[in-house]
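Remarks on the structure that follows.
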Amino acid sequence: MEALVQAAVSEFGRLDVMYNNAGITNLPKPGQVGLRLLENVEQDEIDLLYRVNVNGVIYGCQSAIRQFERQANEGGNRGG
């Protein structure tokens, strides 16, 4: 996430907004069609869902906040 934020800053000069959306779902097992019911999802899959859907968003927010703070400390706050 840090590299992604820094790539945006390199390209555009600063970061003003972070649209941070991550999400996966319980995909079918090989040979199955459609999503499975939650009660049939195994623990390792639940762990992966949590890591992506929760941790991914948190890490993105952390990276964006650090960049916003750097910009504020550099006097790069526009419009305020």
Side-chain angles (χ1 to χ4, degrees):
M1 289 308 301
E2 285 293 328
L4 181 62
V5 167
Q6 291 313 307
V9 171
S10 293
E11 178 71 21
F12 302 106
R14 58 181 286 117
L15 187 69
D16 293 310
V17 159
M18 176 67 151
Y19 179 79
N20 191 10
N21 186 16
I24 61 173
T25 189
N26 53 331
L27 297 174
K29 295 269 186 187
Q32 293 180 332
V33 176
L35 299 177
R36 286 173 291 127
L37 298 175
L38 186 58
E39 65 264 23
N40 298 326
V41 178
E42 297 171 15
Q43 185 63 49
D44 62 330
E45 297 170 288
I46 294 169
D47 293 342
L48 177 62
L49 289 168
Y50 190 86
R51 286 194 315 270
V52 172
N53 297 354
V54 176
N55 292 353
V57 172
I58 290 171
Y59 296 147
C61 289
Q62 288 176 330
S63 297
I65 289 166
R66 284 191 281 270
Q67 179 60 34
F68 295 148
E69 288 173 342
R70 281 191 292 272
Q71 290 171 188
N73 291 335
E74 294 169 358
N77 190 7
R78 288 190 286 183

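Numbers here are sequence positions counted from 1. Values below: every heavy atom of this structure, side chains too, minus hydrogens, waters and symmetry copies.
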Any pair counted as salt bridge (Lys or Arg N to Asp or Glu O under 4.0 Å), so long as it reaches residues 52-69, sequence neighbours left out: Glu2-Arg66
Could you see if Ile58 belongs to whatever hydrophobic cluster contains Ile46? Use Ile, Leu, Val, Met, Phe, Trp, Tyr and a side-chain cutoff under 4.5 Å. no
Using atom types as modelled, flag every donor-acceptor pair under 3.5 Å from a side chain in residues 30-42 to any protein atom, sequence neighbours excluded.
unit_1 : atom_1 : unit_2 : atom_2 : d
Gln32  : OE1    : Lys29  : N      : 3.0
Arg36  : NE     : Leu27  : O      : 3.3
Arg36  : NH1    : Asn40  : O      : 3.2
Arg36  : NH1    : Glu45  : OE1    : 3.4
Arg36  : NH2    : Leu27  : O      : 2.9
Arg36  : NH2    : Glu45  : OE2    : 2.4

Run the side-chain contact (heavy atoms from CB on, under 4.5 Å) test against Ala64 and tell me which residues pass, sequence neighbours left out. Leu15, Met18, Phe68
Thr25 OG1 to Leu49 CG distance, which is reported to the nearest 0.5 Å: 6.5 Å
Measure the CD-CD distance between Gln71 and Glu74 for me, rounded to the nearest 0.5 Å. 7.0 Å
Less than 3.5 Å apart, which donor and acceptor atoms pair up between the side chains of residues 50-57 and the rest of the protein, not counting sequence neighbours?
unit_1 : atom_1 : unit_2 : atom_2 : d
Asn53  : OD1    : Ile24  : N      : 2.7
Asn53  : ND2    : Ile24  : O      : 3.1

Can you list everything that forms a side chain to side chain donor-acceptor pair (under 3.5 Å) with Asp44? Sequence neighbours excluded, please. none
Might you point out which heavy atoms bring Ser63 and Met1 nearest each other, and give the distance in Å? OG-CB, 3.3 Å
